[in-house]
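For reference, the structure is listed below as structure tokens.
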Amino acid sequence: MATRPAKEAIFEQFAADGISVMFGNPGTVEQGFLDVLEETPGFRYVLALQESAALGIADGYARATAGPALVQLHSGVGLGNGVGLLYQAKRGHSPLVVIAGEAGVRYEALDGQMAVDLVAMARPVTKYATRVTHPGSVLRVLRRAVKIAMTPPRGPVFVALPMDVLDEDTDEPAVASTIPSRATVPVPEELERAAAVLRAARRPVVLAGDGVSVSGAQEELARVAEALGAPVWTVNSSELTIDTTHPLHRGDLGHMFGEHSAAALAGADTVLVVGTYLFPEVFPLLASPFPEGAKIVHIDLDDYEIAKNLPADVALVADPKPTLAALAGLLGPARPESRLESASEPAEVYGETMMDLFAGELAARAGDRLVVFDEALTSAPALLRRLPPRRPGAYFQTRGGSLGVGIPGAIGIKLARPEAEVVAFTGDGGSMYTIQALWTAVRYGVAARFVICDNRRYQLLDDNLEQYWRERGIAAHPHPQGFDLSHPQIDFVKLAASLGVPGVKVSKPAQVEAAVQRMLATPGPFLVDLITT
């Protein structure tokens, strides 16, 4: 292999792995390879105005394409800016390949400006973090990073690339990374052991998460639930796990309070857990939420999460799709729906909120090309009532607790799937974490749509604080001033216009129809400031 500078060879490696776009925000210590990028045919740099926005766009792109997505950050300061969104990607298992430059190995002892241990910074929020120190291993390390990012359970990886190492020559060949297959099924004895526990269930419940969607196992999950007659609860699920209009679907356990999980499981004698960790709440129960004596069958490719906090009777490290298909064959035809109390609660009656009206109008007009990114938080229940997720790849939700993913996530999805009608719903507070991503949408002609659910508060904090008061017997009193966003009032339409995005404010029901019509008819990106108070 002919020698060439490593800063050139890395683009040969990216091409070998089918990577042709880099999301990022440039910096001085990355200037060497960014200069090469400009002369690399077929390679594209998508500029964001802040690292969180770059990571959010890449996360949406990776989720829509099944990855990998390449992100460039600027040394320690850029990595620091992106830590929150990297945490989001780690909890959501997004296969991001994140690179950052540094001044050089030769300067390591001098403790110069921006000097920091990048690997130590990245390690807590990535699946794998490393630093290249020799030009003869640059491509090898990048292949290892791609392999680790893409091997289930997938996740973000980080590689520090010192400038002086990239300036040196390498004769390493660029070849495609090897991604090991984990499309595994347990041996027949283990499958039968799981089936025997499930057959004996009288009051089964299914808990399912994003491992189902990553595996493409939605149909198989529904077949197993029908064979058991078991209600299905999703666990911090950010993509479609089961058609939410399916009669066995009960909703999401939520991400805040362990009492909600315990209530959903009350009365269950057997619980099938598929593709998720237990339990995801911010405030989980310290005691087991499973009823005493309940049998637990857990299926996941993430062996770390199985029995991490709670023991399982049958623990299968396996791919959900073929494993559920095999179980469905062993369990036989569908049984009557479970008689658990949660399965027979009467439908709740809701009023027509502004979100109900807007989402209903969007449902009527957008058609089958609609893809929703849901960061609506407190407005999400109304959104899901009117636009219940039904198709794989048509619904994405925030995950991991980081605000600011809705706007850039929708941009990434639209870049990956330009034929789709992509609409992001986010809050007024959350949108301001990455509002500059609108500029990127205009720069690259990304016709995503953005709906700001504007209640002029961090409403989720209000709701959680009231729960805190109830738990501790604290009398209700005014909420902290730090939850209020009404002063000074943010003019989202003018703010969007300053970044090149047209928009409209919707504060009355009579304005909804025209706003949705205009949003969908606009050829480029468009923003709606939807007043939900």
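Every heavy atom of this structure was used, including side-chain atoms; hydrogens, water molecules and symmetry mates were not. Along the sequence shown, residues are numbered consecutively beginning with 1.
Between the side chain of N455 and the backbone N or O of T532, no donor-acceptor pair lies under 3.5 Å. Remark: side-chain polar atoms of Q72 are not paired, donor with acceptor, to backbone N or O of M22 under 3.5 angstrom. Although no hydrogens or angles enter the test, the distance criterion places no donor-acceptor pair under 3.5 Å between the side chain of T151 and the main chain of I179.
Salt-bridge formation is detected for the pair E305/K308: a Lys NZ or Arg NE/NH1/NH2 atom is positioned less than 4.0 Å from an Asp or Glu carboxylate oxygen. Between E30 and K7 there is no salt bridge, since no side-chain nitrogen of the basic residue lies less than 4.0 Å from a carboxylate oxygen of the acidic one. Classification of D319 and R182 as a salt-bridged pair fails, no side-chain N sitting under 4.0 Å from a carboxylate O.
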List, one per line, each side-chain donor-acceptor pair under 3.5 Å for residues 413-427, sequence neighbours excluded.
| from | atom 1 | to | atom 2 | distance (Å) |
| --- | --- | --- | --- | --- |
| K414 | NZ | P418 | O | 2.9 |
| K414 | NZ | A420 | O | 2.5 |
| R417 | NH1 | G393 | O | 2.5 |
| E421 | OE2 | R449 | NE | 2.5 |
| T426 | OG1 | E375 | OE1 | 2.7 |

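With sequence neighbours left out, the ring pair (Phe, Tyr, Trp, His ring centres under 6.0 Å) criterion links Y458 to no other residue. With sequence neighbours left out, the side-chain contact (heavy atoms from CB on, under 4.5 Å) criterion links Y468 to L465, R472, I474. Remark: D17 engages Q13, S177 in a side chain to side chain donor-acceptor pair (under 3.5 Å) (not counting sequence neighbours). Shown here are the ring pair (Phe, Tyr, Trp, His ring centres under 6.0 Å) partners of F492, two or more places apart in sequence or in another chain: there are none.
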Verdict with reasoning, L530 to D454, per side chain to side chain contact (heavy atoms under 4.5 Å, CB included) | CA-CA 6 Å; L530 182 68; D454 188 352; 5.9 Å; no

Determine, step by step, whether F279 and F257 satisfy the ring-ring contact (aromatic ring centres under 6.0 Å, His included) criterion, reporting the C-alpha distance in whole Å, the side-chain angles of both residues, the deciding distance to 0.1 Å, and the verdict.
-> CA-CA 10 Å; F279 278 89; F257 304 105; over 10 Å; no

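The shortest non-hydrogen separation linking A53 to A437 is CB-CB, 4.1 Å. For Q50 against S52, the heavy-atom pair with the smallest separation is OE1-N, 2.6 Å. Of all non-hydrogen atoms in A315 and I306, the two that sit nearest each other are CB-CG2, 3.5 Å. The shortest heavy-atom contact between R154 and A66 is NH1-O, 3.3 Å. For L387 against A359, the heavy-atom pair with the smallest separation is CG-O, 3.8 Å. Across all non-hydrogen atoms, the minimal contact from L370 to R391 is O-NH2, 3.2 Å.
When the shell of 6.0 Å around NZ of K127 is examined, it contains more than 12 heavy atoms from other residues, nucleotides or ligands. Surrounding NZ of K147 are at most 12 heavy atoms belonging to other residues, nucleotides or ligands under 6.0 Å away. Counting non-hydrogen atoms of other residues, nucleotides and ligands closer than 6.0 Å to CD of Q467 gives a total above 12.
Side-chain contact between T126 and V157: absent, with no pair of heavy atoms (C-beta onward) separated by less than 4.5 Å. You'll find the side chain of L527 reaches within 4.5 Å of the side chain of I452, heavy atoms only. Contact check for N236 versus Y277: side-chain heavy atoms found under the 4.5 Å cut-off. L191 is listed as a side-chain neighbour of T323, based on a closest heavy-atom distance under 4.5 Å. With contacts defined as side-chain heavy-atom distances shorter than 4.5 Å, the pair V36/L166 does not qualify. No side-chain heavy atom of E8 sits under 4.5 Å from any side-chain heavy atom of F33. In this structure, V273 and D300 have side chains that are not in contact, with every pair of non-hydrogen atoms separated by 4.5 Å or more. Counting heavy atoms from C-beta outward, M150 and V97 have side chains that stay 4.5 Å or more apart.
Screening residues 56-96 for ring-ring contact (aromatic ring centres under 6.0 Å, His included) gives F23-Y61 as the qualifying pairs, with residues at least two apart or on separate chains.
Taking the six-membered ring for Trp and the full ring otherwise, the centers of Y45 and Y444 sit at least 6.0 Å from each other. For F43 and F11, the ring centers sit closer than 6.0 Å to each other.
R443 and T440 share no side-chain donor-acceptor pair at under 3.5 Å.
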